[in-house]
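If you read the sequence from its start, that first residue is 1, and numbering goes on from there. Computation of the quantities below employed the complete heavy-atom set of this structure, encompassing side-chain atoms and omitting hydrogens, waters and symmetry-equivalent molecules. Counting starts at 1 for both ligands and their atoms, in listed order.
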Amino acid sequence: MEKKKGLFITFEGIDGSGKTTQLELVDKYLKEKNLKTLLTLEPGGCELGKNIRQILLHYDSYVNDTAELFLYLADRAQHTDTVILKGLKEGSIVLCDRFIDSTAAYQGYGRGFDLEKIDYLNKAATLGLVPDLTFVFDIDLETAQKRVGKTKDRMEKEKLEFHKKVKEGYLDLAKKYPDRIKVIDSTQSIEKIHFEVRKIIDKVL
Ligand code: TMP
């Protein structure tokens, strides 16, 4: 893989954790500093991925767990190649809503796939690209469910027990990779969370 020039920051958390709001605030903050950013997401950050996202979140019949895992990975392979690596080579700060840790948290801790296997498959999909910095927005399940609201996609419809495993999975991942993954208490006000996030970003800039 060609050496990258930009900075790669990912935003993670259970559904309803407030990560997307924070990503948008970071984008605004960096733009005010005249820094070039690239905002993207998984699944669905590229043309092919938009179709995969539609299947993953809205296909209303049975989806085999392995098929689900490979659909997320297919999205990631195409997205890393056509969007993320391109942005990094151009020197952008790439802000990505979900990446490798979502697969570890949801398909690994949530669905029960072996974490080493997921690690191997993630590496295959990303050519070994790992974020420079990852935020995990941690929130209690009740508040998160309220934020998601009544209209739920296929993943959001999963049982509370599943989301609990995902939440705990994220915290476990943060313990495993403390240099890269920073856990933010997402029960605080939007402004307070943003302030905390900014402090961490300022350090890596
Ligand atoms: P979001 O864009 O609203 O965050 O929704 C994406 C959903 O897909 C969310 O429920 C998390 C889930 N997901 C996985 O299960 N595995 C993955 O690898 C990714 C990227 C997302």
Side-chain angles (χ1 to χ4, degrees), residues 8-24 26-27 39-46 48-60 62-84 94-126 129-131 134-139 141 143-173 181 184 186:
F8 185 28
I9 308 178
T10 58
F11 294 69
E12 297 278 359
I14 58 170
D15 299 273
S17 63
K19 64 181 168 46
T20 310
T21 306
Q22 290 302 324
L23 181 148
E24 285 163 2
V26 168
D27 181 49
L39 231 79
T40 190
L41 80 161
E42 289 196 358
C46 57
L48 176 71
K50 281 182 192 156
N51 292 288
I52 298 176
R53 181 181 176 93
Q54 180 62 24
I55 299 169
L56 277 165
L57 301 187
H58 303 291
Y59 186 69
D60 62 2
Y62 168 68
V63 180
N64 168 278
D65 284 353
T66 307
E68 177 187 281
L69 169 66
F70 278 97
L71 282 167
Y72 279 113
L73 291 162
D75 167 73
R76 181 156 309 130
Q78 181 81 7
H79 183 225
T80 304
D81 176 15
T82 62
V83 178
I84 302 176
V94 178
L95 305 175
C96 190
D97 196 333
R98 300 195 180 282
F99 193 59
I100 48 172
D101 302 299
S102 279
T103 310
Y106 282 78
Q107 281 65 50
Y109 291 90
R111 300 274 191 235
F113 279 98
D114 177 60
L115 289 171
E116 276 181 29
K117 200 185 278 175
I118 292 209
D119 203 38
Y120 174 83
L121 292 169
N122 263 333
K123 280 195 182 114
T126 63
L129 178 72
V130 174
T134 297
F135 291 105
V136 164
F137 295 92
D138 185 46
I139 193 156
L141 294 167
T143 314
Q145 290 285 312
K146 272 190 208 142
R147 285 193 190 162
V148 167
K150 285 211 169 71
T151 325
K152 293 182 175 168
D153 63 37
R154 195 181 64 84
M155 299 300 285
E156 288 164 349
K157 278 183 197 149
E158 279 295 334
K159 290 195 239 29
L160 207 64
E161 189 51 36
F162 175 79
H163 294 289
K164 188 166 177 266
K165 283 189 210 160
V166 175
K167 172 185 157 74
E168 283 162 7
Y170 272 126
L171 298 178
D172 226 41
L173 288 169
I181 305 182
I184 307 286
S186 210

Ligand-side contact atoms (ligand 1) for residue partner [X], heavy atom cut-off under 4.0 Å:
X: L57; value: 7 (C), 8 (O)
X: K19; value: 4 (O)
X: T103; value: 17 (C), 18 (O)
X: R76; value: 18 (O), 20 (C)

For the ring pair F99 and F8, is the centre-to-centre distance below 6.0 Å?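 Ring centres of F8 and F99 closer than 6.0 Å.
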Heteroatom distance test (D153, ligand 1): nitrogen or oxygen, under 3.5 angstrom: no
With only distance considered, is D15 within less than 3.5 Å of ligand 1 through an N or O on each side? yes
Test of understanding: with salt bridge (charged side-chain N to carboxylate O under 4.0 Å, His left out), list the residues that count as partners of D172, not counting sequence neighbours.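 Partners of D172 under the salt bridge (charged side-chain N to carboxylate O under 4.0 Å, His left out) test: none.
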Quick one: salt bridge (charged side-chain N to carboxylate O under 4.0 Å, His left out) partners of K50, sequence neighbours excluded?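 For K50, the residues satisfying salt bridge (charged side-chain N to carboxylate O under 4.0 Å, His left out) (neighbours in sequence not counted) are E47.
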Check K167 with D138, please: is the shortest side-chain N to carboxylate O separation under 4.0 Å?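 Salt bridge present between D138 and K167.
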Which is closest to atom 5 (O) of ligand 1 by heavy-atom distance: R98, Q107, K157?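 The residue whose heavy atom sits nearest atom 5 (O) of ligand 1 is R98.
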Just going by heavy-atom distances, which of R154, M155, R53 is nearest to atom 3 (O) of ligand 1? R53
At under 4.0 Å between heavy atoms, which part of E12 makes contact with ligand 1: side chain, backbone, both or neither?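 Answer for E12: neither.
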Over 60° means perpendicular and under 30° means parallel, so tell me whether Y170 and Y106 are parallel, tilted or perpendicular. perpendicular
